[in-house]
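Here's the structure we're looking at; comments come further down.
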Amino acid sequence: PSERSSGAYCKACRAAYVMEWRKQHPETHRTIQKKSDRKRWSANVAKFTEKRRLRMARWRDAHPEEHRRRVLEKYHRTRRRAIEILGGRCACCGESRWTMLQIDHIFNDGHIERAGRSAFSTRIARKVVGMEKPLERYQVLCANCNHSKMRNGGTCEHVTEKQKEA
């Protein structure tokens, strides 16, 4: 490489030297790169996050059908996973078609959980998937049993009928 009188490389030679050094020291280069990336990220996290948010908003505006398809796909995947974790069938009547099943709060305290927030079922499904012991707070009921439980003071009519027979 051509050197100046001060011992430094010209711009082109410096670039060639750096590329050669990176090839010869790949692990050291990756370690240095990771450290500098972390410093850069932590110093500019708000700026990077805002840029990403704006980029995603532009994409959503340009591709509304694809965005809706992806959101629904993710919702169904999360919901099915939550239903599987909770047993995969209605705790009362045994219905197993996932389109008929709903996640129910065992202690009828869903209104407390939803207080101050919008009542997205996605949020509850994500919570179930992330919990260690979701069976203590939630159960799966079909739409009929869940509605019956709501109208019948917290007990499904199937359970009431079984108690009368016994």
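Here the structure is a predicted model, which means the values were calculated and not measured.
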**Request:** Using a strict cut-off of less than 4.0 Å between a Lys/Arg side-chain nitrogen and an Asp/Glu carboxylate oxygen, indicate whether Glu84 and Arg80 qualify as a salt bridge.
**Result:** no
**Request:** Could you check Lys149, Gln102, His105 and say which one makes a side chain to side chain contact (heavy atoms under 4.5 Å, CB included) with Gln139?
**Result:** Lys149
**Fill in**
Interatomic distance, CD@Glu65 vs NE2@His63, rounded to 0.5 Å, equals 9.5 Å
**Request:** Quick one: pull up NE2 in His67 and CG in Leu72 and give me the separation to the nearest 0.5 Å.
**Result:** 9.5 Å
**Asked** Are Leu101 and Tyr138 co-members of a hydrophobic cluster defined by side-chain heavy atoms under 4.5 Å apart?
**Response** yes
**Prompt:** Between Ile103 and Ala82, which heavy-atom pair has the shortest distance, and what is it?
**Reply:** CD1-CB, 3.8 Å
**Prompt:** Hey, any chance Leu141 and Leu86 share a hydrophobic cluster, counting ILVMFWY side chains that come within less than 4.5 Å of each other, even indirectly?
**Reply:** no
**Prompt:** Under 3.5 Å, side chain of Arg89 to main-chain N/O of Ser96, donor-acceptor pair present?
**Reply:** no
**Message:** How long is the straight-line distance from CZ of Arg14 back to CH2 of Trp21, given to the nearest 0.5 Å?
**Reply:** 10.0 Å
**Asked** Out of curiosity, Ile83 CD1 to His76 NE2, how far, rounded to the nearest 0.5 Å?
**Response** 10.5 Å
**Request:** Any chance you could measure His147, atom NE2, to Asn152, atom CG, to the nearest 0.5 Å?
**Result:** 10.5 Å
**Prompt:** Are Lys74 and Arg70 side-chain neighbours, meaning at least one heavy-atom pair lies under 4.5 Å?
**Reply:** no
**Prompt:** Salt bridge between Glu73 and Arg69, side-chain N to carboxylate O under 4.0 Å?
**Reply:** yes
**Request:** With the side chain counted from C-beta on, respond yes when Asp109 and Arg137 share a heavy-atom pair under 4.5 Å apart, and no when they do not.
**Result:** yes
**Prompt:** About how many Å separate CE of Met131 and CD of Glu136, when rounded to the nearest 0.5 Å?
**Reply:** 7.5 Å
**Hphob cluster co-occupancy, Ile106 + Val140, side-chain heavy atoms under 4.5 angstrom** = no
**Message:** So that I can tick it off, tell me whether Arg53 and Glu50 are bridged by a salt bridge, with the cut-off set at under 4.0 angstrom between side-chain N and carboxylate O.
**Reply:** yes
**Request:** Keeping the roles fixed (side chain from Ser148, backbone from Asn144), state whether a donor-acceptor pair exists under 3.5 Å.
**Result:** no
